[in-house]
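This structure is a prediction, so every number in the text was calculated from the model and none was measured.
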Amino acid sequence: MLGWAVTFLIIALVAALFGFGGIAGTAVEIAKLIFFVAIVLFAISAVIGLLRGRNSM
């Protein structure tokens with residue numbers, strides 16, 4: 001998922017370089033959204049992993 005965020009960030013940088021402001025802005029927003037979704041999923045996964053680890057002892 002972080003790979004997708006980096007991909008959209010690169011698309012945004014290239015689009016901004018060539019002067020496509022609308023495409024660059026959209027790509028940046030998509031990259032930020034995917035990045036924060038990945039962070040939230042990682043946090044949920046970490047909490048579940050910690051809770052499962054404690055119950056199995």
- prompt: Does Leu41 share a hydrophobic cluster with Ile30, counting links as ILVMFWY side-chain heavy atoms below 4.5 Å and allowing steps through other members?
  reply: yes

Determine which pairs satisfy salt bridge (Lys or Arg N to Asp or Glu O under 4.0 Å) with at least one residue from [range], sequence neighbours left out, and list them in order.
range          : answer
residues 10-38 : Glu29-Lys32
residues 3-17  : none
residues 5-18  : none
residues 2-22  : none

field: Side-chain cluster (under 4.5 Å, hydrophobic types only) that Ile48 belongs to, other residues
entry: Val40, Ile44

Please output the side-chain donor-acceptor pairs of residues 5-27 that fall under 3.5 Å, not counting sequence neighbours, one pair per line with the distance.
from  : atom 1 : to    : atom 2 : distance (Å)
Thr7  : OG1    : Gly3  : O      : 2.8
Thr26 : OG1    : Gly22 : O      : 2.9

